[in-house]
Amino acid sequence: MPIADKIVKMVEGMSMVKQMFEAGARLKAEHGPENVFDFSLGNPDVPPPLQFKKVLKQLVEDEKLSHGYTPNPGYPQVRQAVAEYLSKEHDIKFTADMIVMTVGASGALNDALKSLINPGEEILIPAPYFVGYEHYAFIADAAIKTAATDARFHLDVSAIEQAISEKTRVMLINSPNNPTGAVYAAQELAELGHVLDQASKKFAKRIYLVADEPYRKITYDVDVPSIFQAYPHTIAVSSYSKELSLAGERIGYLAVHPQAQDAQLVAGAAAVVNTMLCVNAPSLLQLAVSRLQGVSVDVSIYRRRRDMLCRGLAEVGYEFNVPEGAFYLFPKSPISDDVKFVNILKEELILAAPGIAFGGAGHFRLSYAVPESTISGSMKGFKRALEKV
Ligand code: PLP
């Protein structure tokens, strides 16, 4: 085999995703893209806020704009701007040295996990979970262990407590959640913080909480509580992919709680890993987002789509938890084999992702980062698919 043994499995996994894309593209070519209802991708289609273009124009017209390397953890003034914004948002004093500018939340997750985890140690994740976590765990040479969530896909803190072992180095949570749309409440986060602290004492080893929050600004009638208030040994990772609809521009950050155990060491290590993996985050985008702190996309667009999709599917007879945030719906599959049901949806020209891919068998994921016409046009197909089973 010309490629590394451990890469073979990853390539096989990615080729399944590729096949899914290709099957979708074939259907669109055969039936016309307007007749295929593609809910399979979490690629934000809502336009970035108008301020983004203004800021970009100002930057490119500036004679002094540099296109050289930036300091590896990011421009000092950009890290300072993020630190100031987070200080206000979380009521905790962040300094610029606790921030690393990264290539999206993915880059931040790689930096955080690779900095913290020794080979053989585990990342504990509530299931269902974002598929990308398997890639970041692979890069960090870590094993994934999952803990079940409750019926609303919220944290089951006693399941987490039971799943923690002497191998656990990181608890990784994602709220608002992809694929379920759950937003964890302050009380459950406080209970989680308590359990992590007790377990760290029991195993004489600090368990860090990595909070993946790229959907933080996309919520419906609920607040996302400050994760830093729930547990000090926390690294939040985030990006502007969803909150500014800049997914392709690849810009994000990580923030280490200033009172985390060995905070300076952890932030320093994350900066070094960032250097090794990507040298520095895109310089133009660093400058742009530093001027857009607190700005976000028009969430009412996602809310309208969520309401439309939930209303339509409930009328047809699907069961689901109404998403509290992000732009995903995770309905129950009407048959236990979710892969089979996703194929039945495909016969109706509806593209969805099977829950099993997210550690959530018996469900399927719909992304509503799609136009309203996709939602309204798909309802007859959803009805027929249900009738077929
Ligand atoms: N975490 C979650 C839960 C996601 O859904 C995604 C992307 O879809 C990422 C991280 C990666 O985001 P980014 O584009 O900022 O790298």
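Not measured: the values here are computed from a predicted model. For ligands, and for the atoms within them, numbers begin at 1 and follow the listed sequence.
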Student: Any carboxylate oxygen within less than 4.0 angstrom of a Lys/Arg side-chain nitrogen, looking at R303 and D307?
Tutor: no
Student: For ligand 1, is there an N or O atom under 3.5 Å from any N or O atom of Y133?
Tutor: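 Min N/O separation from ligand 1 is not below 3.5 Å for Y133.
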Student: Should you measure from each heavy atom of N174, which atoms of ligand 1 turn up under 4.0 Å away?
Tutor: 3 (C)
Student: Is the shortest distance from a heavy atom of G42 to ligand 1 less than 4.0 Å?
Tutor: no
Student: Can you tell me how the ring of Y215 sits relative to the ring of F327, calling it parallel under 30°, perpendicular over 60° and tilted otherwise?
Tutor: perpendicular
Student: Is any side-chain N of the basic residue among D45 and R305 closer than 4.0 Å to the acidic one's carboxylate O?
Tutor: yes
Student: Return the option from A108, P176, S241, P44 holding the heavy atom at the smallest distance from atom 13 (P) of ligand 1.
Tutor: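 It is S241 whose heavy atom sits nearest to atom 13 (P) of ligand 1.
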Student: Report yes if Y328 has an N/O atom closer than 3.5 Å to an N/O atom of ligand 1; otherwise report no.
Tutor: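 Between Y328 and ligand 1, no N or O pair is found under 3.5 Å apart.
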Student: Would K242 count as being in polar contact with ligand 1, using the rule that some N or O on each side must be under 3.5 angstrom apart?
Tutor: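 In this structure, K242 places an N or O atom under 3.5 Å from an N or O of ligand 1.
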Student: Which residue and atom name correspond to the protein heavy atom nearest atom 11 (C) of ligand 1, and how close is it?
Tutor: S106 OG, 3.3 Å
Student: Can you list the atoms of ligand 1 that are under 4.0 Å from a heavy atom of R250?
Tutor: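 Under 4.0 Å from R250, ligand 1 has these atoms: 13 (P), 14 (O), 16 (O).
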Student: At a 4.0 Å threshold, what atoms of ligand 1 neighbour a non-hydrogen atom of G104?
Tutor: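 So the atoms of ligand 1 that pass are 15 (O), 16 (O).
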Student: Any idea how Y136 and Y133 line up, ring-wise: parallel (<30°), tilted (30 to 60°), or perpendicular (>60°)?
Tutor: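 If you compare the ring of Y136 with that of Y133, the planes turn out tilted.
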Student: Flag A105 as yes when one of its N or O atoms lies below 3.5 Å from any N or O atom of ligand 1, and as no otherwise.
Tutor: yes
Student: Would you confirm whether S296, through its side chain, and E243, through its main-chain N or O, come within 3.5 Å as a donor-acceptor pair?
Tutor: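 A pair under 3.5 Å: no.
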Student: Of all the non-hydrogen atoms in the protein, which one sits nearest to atom 1 (N) of ligand 1, and at what distance?
Tutor: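 Sorting protein heavy atoms by distance from atom 1 (N) of ligand 1 puts D212 OD2, 2.6 Å first.
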Student: Can you tell me how the ring of F94 sits relative to the ring of F228, calling it parallel under 30°, perpendicular over 60° and tilted otherwise?
Tutor: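 Rings of F94 and F228: perpendicular, over 60°.
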Student: Do any heavy atoms of Y215 fall under 4.0 Å from ligand 1?
Tutor: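 Within the 4.0 Å threshold, so yes.
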Student: Show me which atoms of ligand 1 lie under 4.0 Å from any heavy atom of S239.
Tutor: 15 (O)
Student: Please tell me whether Y368 and F39 form a close aromatic pair, meaning their ring centres lie under 6.0 Å apart.
Tutor: no
Student: Say you draw a straight line from CG of L124 to CD1 of I164; how long is it, rounded to the nearest 0.5 Å?
Tutor: 6.0 Å
Student: Give a yes or no on whether a salt bridge exists between E372 and R304, defined as a side-chain N under 4.0 angstrom from a carboxylate O.
Tutor: yes
Student: Starting from atom 9 (C) of ligand 1, find the nearest protein heavy-atom neighbour and note its residue, name and distance.
Tutor: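 Checking every protein heavy atom, the shortest distance to atom 9 (C) of ligand 1 gives F130 CE2, 3.6 Å.
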